[in-house]
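To start, the structure under review is shown below, and the notes come after it.
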Amino acid sequence: MSPSPSLPSPPSPTGILDVPDGIPNTSASSSAPVSSPEGQLSGSSDTQEYWSCEETPDDRQLKSAESKSSSWSSSLLSAYYSFGRSKTQRGQEEKLGLPNIGNSCFLNSALQCLYSLPSFCGDIARQEALWSPQGTSLKLLRYLGELYKSRQGQSSYKEKRKLLWSIKSSMAEVNDEYEDYSEQDAHEFLLLLFMKIKMEGETLQGTSTSPSYICPVQNFEFRLQCVRTCSSCGDKVIQEEEVHNNLSLDLHPLLITGLKSFFKPSELECTCRQCSGRQATVVRHFLTLPRVLVLHMKRYHNDGAQLRKVTDAVGIPPLLSLASLVGEQGDAAGMDTMRYEDHSNQTTYRLSGIISHLGESIDTGHYISDIVGENGTGWLTLNDSHVTKTAETAVLKTREETAYILFYVLW
């Protein structure tokens with residue numbers, strides 16, 4: 001059996017890594033470039049590299065700067081011209097890249113994973129009549145929708161930059177840290193993005209003339225059931241928890257182990273309503289299942305003095321079954337049956353995207369994403385404006401130590 005192909009490395013430590021396209025790296029807050037343990041760009045037929053997005057004078061300036069400071073750029077361009085792919089094939093993937101507007105890898109990687117989800121994009125596209133008019137309360141959804149269309153080749157590279165700035169400015173309304181060029185956490189950004197989308201939808205629905213609106217964030221939402229059993233008399237108290245849109249898991253050698261650990265029984269001191277016992281066992285289950293399951297890996301640990309990066313390997317399965325984690329009173333039929341009726345008996349999920357953090361600490365590094373290609377065929381690695389075609393086996397192996405957020409879709 002031949003070894004799995006290696007994914008391409010990000011720029012070397014001497015190169016420009018996470019700065020605005022065409023803008024010199026003069027900010028003291030810029031994330032430090034990091035080298036990748038994944039090896040050098042290879043000529044494997046499973047891994048092909050392209051220079052992405054349409055070229056502008058700013059792109060040529062940045063490309064020139066990179067070639068002077070790093071040999072990585074020349075390797076990239078060489079790979080681009082040597083793999084013999086057709087212009088049409090290259091164009092289909094090049095348009096997917098997103099320019100870095102200044103330490104925006106956290107934003108780009110999260111958006112790329114969201115744009116790989118047909119259900120999320122479908123909800124946005126079908127409601128264009130609501131978010132496209134000027135003055136709409138769905139401003140963030142409008143920017144997301146327009147950027148989604150730009151990835152389909154419907155607008156220019158410059159327009160992508162403008163839309164990314166608009167999205168970031170919209171996020172600054174809920175967190176002013178997004179006003180500058182500082183690097184941010186991809187998980188925090190994703191959760192704030194969900195919150196902002198929901199806030200805008202609630203504003204729309206709060207108007208007296210609001211039309212029917214489906215919030216795209218519903219694709220990620222689910223409920224957990226908590227069953228508390230008295231250790232003395234066995235009395236059960238069943239509670240339904242608030243809506244969740246992701247789970248944060250401790251690191252284990254296997255992802256499924258970490259997921260089961262999240263749901264393992266725990267002991268709780270409380271007073272029983274029946275016998276006044278003081279000890280109970282608490283078990284959690286899924287009451288409803290999401291269309292898209294988002295799993296956050298706890299790769300940052302507080303050792304008492306500071307947060308440190310944890311690079312323990314986690315085995316990532318392409319398929320994930322939640323059948324054993326669904327409670328007796330909750331099953332997949334508990335999903336929003338008006339929308340997901342055809343999936344009511346499914347509990348198996350397939351991996352569709354990964355956000356990885358490359359770097360040794362919380363203060364330095366770079367985010368990239370791996371997503372299933374269009375039409376569910378093959379995989380792509382997206383490093384800002386650079387797009388790489390790769391293989392699922394390479395993704396699963398290479399991202400074991402760097403995977404930060406995983407996206408699984410109901411299969």
Margin query: For Y181 versus I101, what's the shortest heavy-atom pair and its separation?
Written below: CE2-O, 3.2 Å
Next item on the list: Compare all side-chain heavy atoms of I355 with those of D370 and state whether any distance is below 4.5 angstrom.
Entry: no
Notebook entry, point to check: Hey, are E188 and N175 close enough side-chain-wise for a donor-acceptor pair under 3.5 Å?
Noted result: yes
Check: Please walk me through it: do L396 and L351 pass side chain to side chain contact (heavy atoms under 4.5 Å, CB included)?
Finding: CA-CA 10 Å; L396 298 180; L351 184 67; 3.6 Å; yes
Notebook entry, point to check: In terms of side-chain geometry, is the basic nitrogen of E240 or R223 positioned less than 4.0 Å from the acidic oxygen of its partner?
Noted result: yes
Next item on the list: State whether E221 and K198 are salt-bridged, where the test is any N-O pair (Lys NZ or Arg NE/NH1/NH2 against Asp/Glu carboxylate O) under 4.0 Å.
Entry: yes
Margin query: Testing the basics here: between L130 and S212, what is the closest heavy-atom pair and its distance to 0.1 Å?
Written below: CD1-O, 3.6 Å
Item checked: Residue pair L268 / T281, side-chain heavy-atom distance below 4.5 Å -> no
Margin query: Can you tell whether the side chains of E200 and K139 come within less than 4.0 Å, N to carboxylate O?
Written below: no
Notebook entry, point to check: Which residue, L295, L319, L322, V292, forms the side-chain contact (heavy atoms from CB on, under 4.5 Å) with Y408?
Noted result: L295
Margin query: Quick check for you: to the nearest 0.5 Å, what is the distance between L111 atom CG and L382 atom CG?
Written below: 11.5 Å
Notebook entry, point to check: Pick one: which of L254, L249, D250 meets side-chain contact (heavy atoms from CB on, under 4.5 Å) with L259?
Noted result: L249
Margin query: If we ignore hydrogens and angles and just use 3.5 Å, is the side chain of S109 paired with the main-chain N or O of C105 as donor and acceptor?
Written below: yes
Notebook entry, point to check: Pick one: which of H244, H357, H187 meets ring pair (Phe, Tyr, Trp, His ring centres under 6.0 Å) with H296?
Noted result: H187
Margin query: For a 4.5 angstrom cut-off between non-hydrogen side-chain atoms, does K149 reach E128?
Written below: yes
Check: Taking side chain as C-beta onward, heavy atoms only, is F222 less than 4.5 Å from V294?
Finding: no
Checklist line | Gap between atom CG of L247 and atom CG of L224 - 0.5 Å precision | finding: 6.0 Å
Margin query: I need the minimum non-hydrogen distance between R273 and D235, along with the two atoms involved.
Written below: NE-OD2, 2.8 Å
Next item on the list: Evaluate whether atom CZ of R308 has more than 12 neighbouring non-hydrogen atoms of other residues, nucleotides or ligands under 6.0 angstrom away.
Entry: yes
Next item on the list: Assess whether side chain to side chain contact (heavy atoms under 4.5 Å, CB included) is satisfied between L192 and M171, documenting all intermediate values.
Entry: CA-CA 7 Å; L192 287 176; M171 295 299 296; 3.5 Å; yes
Next item on the list: Indicate yes or no: at least one non-hydrogen side-chain atom of L358 is less than 4.5 angstrom from one of Y367.
Entry: no
Checklist line | Value rounded to 0.5 Å, distance of CG in L406 from CG in L255 | finding: 6.0 Å
Item checked: Donor-acceptor under 3.5 Å (Q279 side chain, E267 main chain) -> no
Note to self: Using only atom types and a distance under 3.5 Å, with no angle test, would you say the side chain of T136 pairs donor to acceptor with the backbone of S132?
What the structure shows: no
Check: How far apart are the C-alpha atoms of C272 and S232, what are their side-chain angles, what is the distance that settles it, and do they pass the side chain to side chain contact (heavy atoms under 4.5 Å, CB included) test?
Finding: CA-CA 9 Å; C272 177; S232 299; over 6 Å; no
Next item on the list: Without swapping roles, check the side chain of S169 against the backbone of W165 for a donor-acceptor pair under 3.5 Å.
Entry: yes
Notebook entry, point to check: For residues S361 and K309, is any side-chain donor paired with an opposing acceptor at under 3.5 Å?
Noted result: no
Check: Less than 6.0 Å separating the ring centroids of F106 and F189?
Finding: yes
Checklist line | Closest non-hydrogen atom pair between L117 and S352, with its separation | finding: CD2-OG, 3.4 Å
Margin query: In the structure I gave you, are the side-chain heavy atoms of Y115 and L96 within less than 4.5 Å of one another anywhere?
Written below: no
Margin query: With a 6.0 Å cut-off on the ring centroids, do F263 and F286 count as close?
Written below: yes
Next item on the list: With side chain to side chain donor-acceptor pair (under 3.5 Å) as the test, would you mind laying out the steps for Q112 and R151 before giving the verdict?
Entry: CA-CA 10 Å; Q112 293 289 17; R151 290 175 78 256; 2.9 Å; yes
Notebook entry, point to check: Ignoring hydrogens and geometry, is there a side-chain-to-backbone donor-acceptor pair from W131 to I124 under 3.5 Å?
Noted result: yes
Check: Is the backbone N or O of K95 less than 3.5 Å from a side-chain atom of K160, with the two atoms forming a donor-acceptor pair by type?
Finding: yes
Item checked: E179/K168 salt bridge by N-O under 4.0 Å criterion -> no
Notebook entry, point to check: Taking atom types as modelled, is there a side-chain donor on S182 or Q184 under 3.5 Å from an acceptor on the other?
Noted result: yes
Next item on the list: Please round to the nearest 0.5 Å and tell me the distance separating atom SG of C215 and atom CZ of F220.
Entry: 9.5 Å
Checklist line | Cationic N near anionic O, under 4.0 Å, R350 to E392 | finding: yes
Notebook entry, point to check: Distance-only, no hydrogens or angles: does the S369 side chain make a donor-acceptor pair with backbone N or O of T381 under 3.5 Å?
Noted result: no
Item checked: Trace of the side chain to side chain contact (heavy atoms under 4.5 Å, CB included) decision for I405 with I354 -> CA-CA 6 Å; I405 305 174; I354 302 175; over 6 Å; no
Notebook entry, point to check: With a 6.0 Å cut-off on ring centres, are Y300 and Y404 close enough?
Noted result: yes
Next item on the list: Please confirm whether the backbone N or O of F120 pairs with a side-chain atom of D123, one donor and one acceptor, at under 3.5 Å?
Entry: no
Note to self: With heavy-atom distances below 4.5 Å as the criterion, would you say the side chains of L140 and I167 are in contact?
What the structure shows: yes
Margin query: If I take atom CG from residue N245 and atom CE from residue M195, how far apart are they, to the nearest 0.5 angstrom?
Written below: 11.0 Å
Item checked: N108: which of N100, D384, N383 passes side-chain hydrogen bond (donor to acceptor under 3.5 Å, both in side chains) -> D384
Notebook entry, point to check: Are L141 and I197 side-chain neighbours, meaning at least one heavy-atom pair lies under 4.5 Å?
Noted result: yes
Margin query: So which atom in T271 and which in S276 form the shortest heavy-atom distance, rounded to 0.1 Å?
Written below: CG2-CA, 4.1 Å
Margin query: Measuring from atom OG of S104 to atom CG of L164, what distance do you get when rounded to the nearest 0.5 angstrom?
Written below: 6.5 Å
Item checked: Shortest non-hydrogen separation from E400 to G315 and the atoms involved -> OE2-CA, 4.2 Å
